[in-house]
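Quick notes on the structure that follows.
Just follow the structure's listing: the first ligand is 1, and inside any ligand the first atom is 1. As a basis for the values below, the full set of heavy atoms in this structure was taken, side chains included, without hydrogen atoms, waters or symmetry mates.
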Amino acid sequence: MEIFKKASEMQAWSRQIIKQGETICLVPTMGYFHKGHLSLIEKGKTLYDRLVVSIFVNPTQFGENEDLDSYPVDLDNDLCHAERLHTDAVFLPSKNEMYKENFQAYVELANLPNHLCGLSRPVHFKGVATIVTKLFNIVMPDAAVFGQKDYQQLRIIRQMTKDLNFDIKIIGAPIVREDDGLAMSSRNAYLTPKQRESGLCLSKSIEKAKAMIKLGETDADIILNKIDVFINSFEKAQIDYATLCDPETLETVKGIKGKTLFALAVNFGKTRLIDNAILDPEQ
Ligand code: AMP
């Protein structure tokens, strides 16, 4: 497994692979791997000749009071997993390598960031779109895999790829969960035992919303009011948002007609957890 710290070295490797007529799949991550990350690597590996994982805690996607400085790191463990899963190359740049002095070129989308997580994390998706653009230009992949756990991120990257004519296939991978339903996240490591218990309110809310829709409820306000009461019954859980919206535009909906995104973010002290599901009244 190759490890590249310089963008120019990564690019040179990719150029060589492309010249050989082989395909490349990229899995961008911020490291501290869990089974969610590993599922993306496995998926990419089966579909393309070469698999590149990037590990970079991207400073521009963190707001001022967020957890950039405390974001968990375990590089040895990440590299061990990457190697075990036959990753071909790991791109492991420093912050200075990715953001050289006098860096100025950011990528920003007009509408999709003005919903859901973008409301409480105003700089987040500008940072995400910028770093993913840079990774696309450095790794030059045929495809990239992203988790549906970060639904808004995946939606934004699909839009950006289309709008900016990146010739890259964007693959969405299903949410990997703990046995009790909690969506896996590097940030779960921050949770105290009590918060970990309360963290189940997210996946349980999804089950609750699904059950209401199955019983024929179509009024978004009625569903969301019940979900609010439900989440507030969990100790230490503070709702950031719990929303029913259009899966494409991310605009909130009043009634459940076709496929609808149920997305939520809940704070437990300083730890913010997210989860989502597509609800389909036809199913
Ligand atoms: P991160 O390291 O948190 O930036 O995540 C890297 C990639 O892993 C992103 O595409 C995430 O959506 C994806 N991911 C994170 N958690 C999960 C999960 N529980 N299931 C599936 N994919 C995930």
(Q) Any nitrogen or oxygen of G147, side chain or backbone, less than 3.5 Å from one on ligand 1? (A) yes
Q) Under a 4.0 Å heavy-atom limit, does P174 contact ligand 1 with its side chain, its backbone, both, or neither? A) backbone
(Q) Could you work out, for atom 19 (N) of ligand 1, the closest of M184, K43, R187, K149 by heavy-atom distance? (A) M184
Q. R177 and D275: salt bridge (Lys or Arg N to Asp or Glu O under 4.0 Å), yes or no, with the steps?
A. CA-CA 10 Å; R177 296 176 180 281; D275 205 341; 2.9 Å; yes
Q: Check each of H34, M30, H37 against atom 5 (O) of ligand 1 and report the one with the nearest heavy atom.
A: H37
Q. Residues two or more places apart in sequence or in another chain: which of them pass side chain to side chain donor-acceptor pair (under 3.5 Å) with T60?
A. N58, Y99
(Q) Can you list, by chain and residue number, the hydrophobic cluster partners of V229 when the side-chain cut-off is 4.5 Å? (A) none
Q) Hey, which atoms in ligand 1 end up nearer than 4.0 Å to a heavy atom of F146? A) 10 (O)
Q. For D150, is at least one N or O under 3.5 Å away from an N or O on ligand 1?
A. yes
Q: In plain terms, say whether K210 and D280 are close enough for a salt bridge, that is, a side-chain N and a carboxylate O under 4.0 Å apart.
A: no
Q) If you measure from each non-hydrogen atom of L40 to ligand 1, which part falls under 4.0 Å: side chain, backbone, both or neither? A) side chain
(Q) How close do L182 and L200 get, counting heavy atoms only, and between which atoms? (A) N-CD2, 3.9 Å
Q) Have Q238 and D240 got a donor and an acceptor in their side chains that come within less than 3.5 Å? A) no
Q. Which residue supplies the protein heavy atom nearest to atom 3 (O) of ligand 1, what is that atom called, and how far is it?
A. Y71 OH, 3.8 Å
Q. In terms of atom number and element, which parts of ligand 1 are under 4.0 angstrom from non-hydrogen atoms of I175?
A. 20 (N), 21 (C)
Q: Return yes or no for this condition: an N or O of V176 is under 3.5 Å from an N or O of ligand 1.
A: yes
**Q.** CA sep, side-chain torsions, deciding dist, call: Y151, I278, side-chain contact (heavy atoms from CB on, under 4.5 Å)
**A.** CA-CA 10 Å; Y151 185 96; I278 299 285; 3.9 Å; yes
Q) Going by distance only, is there an N or O of P28 that falls short of 3.5 Å from an N or O of ligand 1? A) no
Q) Where does the angle between the aromatic ring planes of Y71 and F62 fall among parallel (under 30°), tilted (30 to 60°) and perpendicular (over 60°)? A) perpendicular
